[in-house]
There are 2 protein chains.
Amino acid sequence: MATPSMEDYLERIYKLIDEKGYARVSDIAEGLEVHPSSVTKMIQKLDKDNYLIYEKYRGLMLTPKGKKMGKRLVERHQLLENFLTIIGVQEDNIYKDVEGIEHHLSWDSITCIETLVEYFRRDPGRTDELLNVRKEIEADN
Amino acid sequence: MATPSMEDYLERIYKLIDEKGYARVSDIAEGLEVHPSSVTKMIQKLDKDNYLIYEKYRGLMLTPKGKKMGKRLVERHQLLENFLTIIGVQEDNIYKDVEGIEHHLSWDSITCIETLVEYFRRDPGRTDELLNVRKEIEADN
DNA sequence: GGGGAAATAAAGCAATGGCTACGCCTAGCA
DNA sequence: TGCTAGGCGTAGCCATTGCTTTATTTCCCC
Ligand SMILES: [Mn+2]
Ligand SMILES: [Mn+2]
Ligand SMILES: [Mn+2]
Ligand SMILES: [Mn+2]
């Protein structure tokens with residue numbers, strides 16, 4: 001099982017490869033705001049756990065396992081951001097909250113949240129009603 | 001700021017006092033599945049941070065700060081369990097998920113989830129519609 | 001006052017993951 | 001073609017968190 005930090009790295013790596021075609025140590029480090037040496041260390045761990053194949057000074061390649069996991073992690077992060085946005089969480093809180101909770105939800109929960117997001121997407125009136133509930137609660141104070 | 005573990009202890013302590021009138025080291029230890037010595041250590045930390053007043057061998061008392069925080073933590077935990085239940089997460093996943101995410105949500109997010117739960121509570125038909133969405137998604141596979 | 005349960009103290013361990021310092025590799029320029 | 005800057009890797013260290021084990025102390029009740 002991957003630790004939260006491992007997931008953050010894998011997510012970032014997947015995204016970089018997806019967007020730029022490759023993932024360099026320095027880009028990963030910048031994205032996660034850690035030092036390059038920390039990235040090297042973690043890459044070696046991810047290699048040992050078969051999420052990627054790493055050749056020093058040569059770069060890295062995600063294995064099928066790593067690709068699959070990376071994709072899920074990126075999608076999970078996006079889903080959670082969408083969820084918090086829909087329910088009205090302030091922009092500035094969203095990223096940090098998602099970074100925290102994403103590692104602690106079962107895939108069962110993720111699926112249910114997916115359904116919930118779809119529920120609001122299918123009928124925008126529902127979002128309006130949610131906002132009404134909010135207003136009514138606020139008015140009671 | 002309290003660490004996740006501190007929050008877990010505080011939550012448990014508040015609950016014990018609420019239900020039994022007092023919180024003994026052994027009860028706390030049992031509830032959190034740790035050794036009594038771990039409890040003692042954490043209690044001292046919580047004392048230092050003014051969440052409670054601790055007299056060795058004499059027990060502890062929550063300060064106003066500790067009471068307020070404890071109450072919020074217990075309510076937060078309960079809210080998140082309700083939320084996951086409403087959206088259809090399996091019983092066996094709920095506790096573990098909540099234990100994990102509860103420490104990583106801003107109070108802004110908590111408030112929004114509260115509103116969401118209230119939204120479903122006000123009209124049970126909404127829950128039914130959510131279930132329908134779920135069934136339709138499942139049927140598509 | 002003594003026995004035993006409960007609580008505490010002290011020491012230490014393990015996992016995680018970050019940083020610094022320094023050394024190595026290599027692409028690309030001179 | 002050789003140098004070198006910047007990127008990368010290694011080793012060693014440190015901080016945090018929170019747990020355990022073991023030994024000792026205290027309290028409570030008989
Ligand atoms: Mn994260
Ligand atoms: Mn993320
Ligand atoms: Mn918890
Ligand atoms: Mn909890």
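Lettering of chains follows the sequences in order, A, B, ..., and the numbering in each one begins at 1.
- For B/R24, whose side chain is taken as the heavy atoms from C-beta onward, the closest listed nucleotide among C/dT8, C/dA7, D/dC8 is C/dA7.
- Of the candidate nucleotides D/dC8, D/dT10, D/dC19, D/dC8 has the atom lying nearest to any side-chain atom of A/V25.
- Each of D/dG9, D/dC19, C/dA6 was ranked by its minimum atom distance to the side chain of A/Y57; first place goes to D/dG9.
- Minimum interatomic distance between B/E114 and B/L79 (heavy atoms only, all atoms of both residues): CA-CD1, 3.8 Å.
- Between B/Y9 and D/dT17 there is no side-chain polar atom (N or O) within less than 4.0 angstrom of OP1 or OP2.
- Nearest to the side-chain atoms of A/R58 among the listed nucleotides C/dG17, C/dT26, D/dG18 stands C/dT26.
- For B/Y119 and B/F83, the gap between ring centers reaches or exceeds 6.0 Å.
- Considering only side-chain N and O atoms, A/H35 lies nowhere under 4.0 angstrom from the phosphate OP1 or OP2 of C/dG18.
- A close approach under 4.0 Å does not occur between any side-chain nitrogen or oxygen of B/S26 and OP1 or OP2 of C/dA5.
- Candidate nucleotides D/dT20, C/dG17, C/dA7 were compared by shortest atom distance to the side chain of A/S5, and C/dG17 ranks first.
- When distances are taken from the side chain of A/Q44 to each of D/dT21, C/dG18, D/dG9, the shortest belongs to D/dG9.
- Taking atom NZ of A/K48 as the reference point, atom C1' of C/dT16 lies 13 Å away to the nearest angstrom.
- Here the CD atom belonging to A/E136 is positioned 10.5 Å from the CD atom belonging to A/E129, to the nearest 0.5 angstrom.
- Distances were taken from every side-chain heavy atom of B/T40 (C-beta onward) to each of D/dC8, D/dC13, C/dA7; the shortest belongs to C/dA7.
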Exercise answer: donor-acceptor pairs, residues 98-109 of chain A side-chain atoms, under 3.5 Å, sequence neighbours excluded:
{"residue": "A/E99", "atom": "OE2", "partner": "A/H77", "partner atom": "ND1", "Å": "3.1"}
{"residue": "A/E99", "atom": "OE2", "partner": "A/Y95", "partner atom": "OH", "Å": "3.4"}
{"residue": "A/E102", "atom": "OE1", "partner": "A/H77", "partner atom": "ND1", "Å": "3.0"}
{"residue": "A/H103", "atom": "ND1", "partner": "A/E7", "partner atom": "OE1", "Å": "2.7"}
{"residue": "A/H103", "atom": "NE2", "partner": "A/D8", "partner atom": "OD1", "Å": "3.0"}
{"residue": "A/H103", "atom": "NE2", "partner": "A/E99", "partner atom": "O", "Å": "3.1"}
{"residue": "A/S106", "atom": "OG", "partner": "A/S109", "partner atom": "N", "Å": "3.2"}
{"residue": "A/S106", "atom": "OG", "partner": "A/S109", "partner atom": "OG", "Å": "3.3"}
{"residue": "A/S106", "atom": "OG", "partner": "B/D97", "partner atom": "OD2", "Å": "2.7"}
{"residue": "A/D108", "atom": "OD2", "partner": "B/Q90", "partner atom": "N", "Å": "2.8"}
{"residue": "A/D108", "atom": "OD2", "partner": "B/N93", "partner atom": "ND2", "Å": "2.8"}
{"residue": "A/S109", "atom": "OG", "partner": "B/D97", "partner atom": "OD2", "Å": "2.5"}

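- If you check every strand for non-hydrogen atoms under 4.0 Å, A/S37 touches a base.
- Both A/K41 and A/K56 lie near DNA chain C, and the one whose nearest nucleotide falls closer to the 5' end is A/K41.
- Counting non-hydrogen atoms under 4.0 angstrom, A/S38 reaches a base of the nucleic acid.
- A/Q78 and A/N82 are linked by a side-chain donor-acceptor pair at a separation below 3.5 angstrom, with hydrogens and angles left out of the test.
- Across the protein-nucleic acid pair, A/E7 atom CD and C/dG17 atom C1' stand 15 Å apart, rounded to whole Å.
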